[in-house]
Q: 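This is the structure I want to talk about, given as structure tokens.
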Amino acid sequence: MEGDCLSCMKYLMFLFNFFIFLGGACLLGLGIWVIVDPTGFREIVAANPLLFTGAYIMLAMGAMLFLLGFLGCCGAIRENKCLLLFFFMFILLIFLAELSAAILAFIFRENLTREFFTKELKKHYQRNNDTDVFSSTWNSVMITFACCGVNGPEDFEAIPHHPYSSLEKTTPEACCQRELQSREGMFVNKEACLTGIERFQNRQGCYTVILNSFETYVYLAGALAIGVLAIELFAMIFAMCLFRGIQ
């Protein structure tokens, strides 16, 4: 009877580690996609240090889970106490790190508000100065997503334009409509846009556009993170039970 229980525990341990392996692969893939994605999400991440750090943390956690899931599967099938103990300790450390990251994300969630981005834009944005990383990144975001500012073109009213420009309106070039949404895309009517004709401007704020574009992915990432935490907890329980049951 005891042998049957141990065998059942071993295969349950293998099953949970297989799910950890898959969860790690998903997080690893998501982290790589966020960092190398050519469609514009990379610029959003780069615009905020908290998001930039979070992307690399997700990448590192995915790689570690991928490796530990594999080790856990090997330890369960081979009934190796050393591998099981190693697996348990590292899964515990990862579990605590992920839990801490979730708590910190909740505490600092105000850094991702509309007001925060608006304040940072008005403070650091330098219009068409592509040598400035912040300004260049914001221009890339606005061009890619066909949006303007955080809330709309009114965000740039307090930002001074180039002193030698003959155009008095405050709308930056990145807010002008293009035939193709990329830096190489031709302007629909650049002069009319910069002089304030609204039908040649992108009027919608980037905060709303980006939120609508990635809302599904945010919920998916949150659900995946909760699932991974639950699987890790069960895997630790099974690992310790199997460790104690092996003679």
Side-chain angles (χ1 to χ4, degrees), residues 5-37 41-42 44-113 116 214-247:
C5 288
L6 185 62
S7 179
C8 180
M9 192 70 66
K10 180 175 71 173
Y11 288 110
L12 283 173
M13 173 72 180
F14 177 85
L15 180 63
F16 275 104
N17 275 282
F18 180 70
F19 283 125
I20 289 175
F21 177 82
L22 290 180
C26 290
L27 284 177
L28 186 61
L30 187 61
I32 293 172
W33 175 79
V34 166
I35 292 171
V36 304
D37 171 46
F41 194 50
R42 176 178 50 195
I44 303 171
V45 173
N48 190 290
L50 187 63
L51 288 177
F52 188 75
T53 303
Y56 278 97
I57 288 175
M58 181 170 58
L59 187 66
M61 289 298 176
M64 291 178 69
L65 287 175
F66 182 86
L67 176 62
L68 288 176
F70 176 77
L71 291 176
C73 288
C74 292
I77 291 298
R78 298 181 60 183
E79 297 185 8
N80 187 308
K81 295 186 74 171
C82 183
L83 277 177
L84 287 172
L85 185 60
F86 174 84
F87 166 82
F88 175 84
M89 292 177 63
F90 274 85
I91 281 287
L92 179 61
L93 289 175
I94 292 174
F95 180 85
L96 293 175
E98 290 174 340
L99 196 59
S100 300
I103 293 171
L104 287 174
F106 178 79
I107 292 173
F108 292 106
R109 68 191 185 282
E110 64 271 11
N111 287 347
L112 302 179
T113 62
F116 172 80
F214 293 100
E215 186 176 15
T216 302
Y217 297 106
V218 170
Y219 286 122
L220 181 62
L224 182 62
I226 292 173
V228 168
L229 285 173
I231 291 170
E232 287 172 357
L233 184 60
F234 280 108
M236 286 190 292
I237 293 172
F238 284 123
M240 190 49 62
C241 291
L242 186 59
F243 177 86
R244 295 185 61 185
I246 295 175
Q247 300 299 324

Q: In chain order, what residues pass the ring pair (Phe, Tyr, Trp, His ring centres under 6.0 Å) check against Phe86, with sequence neighbours excluded?
A: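 Phe86 satisfies ring pair (Phe, Tyr, Trp, His ring centres under 6.0 Å) with Phe90 once adjacent residues are dropped.
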Q: Quick one: list whatever passes ring pair (Phe, Tyr, Trp, His ring centres under 6.0 Å) with Phe66, sequence neighbours left out.
A: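 In terms of ring pair (Phe, Tyr, Trp, His ring centres under 6.0 Å), with neighbours along the sequence ignored, Phe66 is linked to Phe21.
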Q: Can you name the residues that form a side chain to side chain contact (heavy atoms under 4.5 Å, CB included) with Leu233, not counting sequence neighbours?
A: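 Listed in chain order: Phe95, Met236.
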Q: Run the side chain to side chain contact (heavy atoms under 4.5 Å, CB included) test against Met240 and tell me which residues pass, sequence neighbours left out.
A: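 Once residues adjacent in sequence are excluded, the partners of Met240 under the side chain to side chain contact (heavy atoms under 4.5 Å, CB included) criterion are Phe88, Phe243, Arg244.
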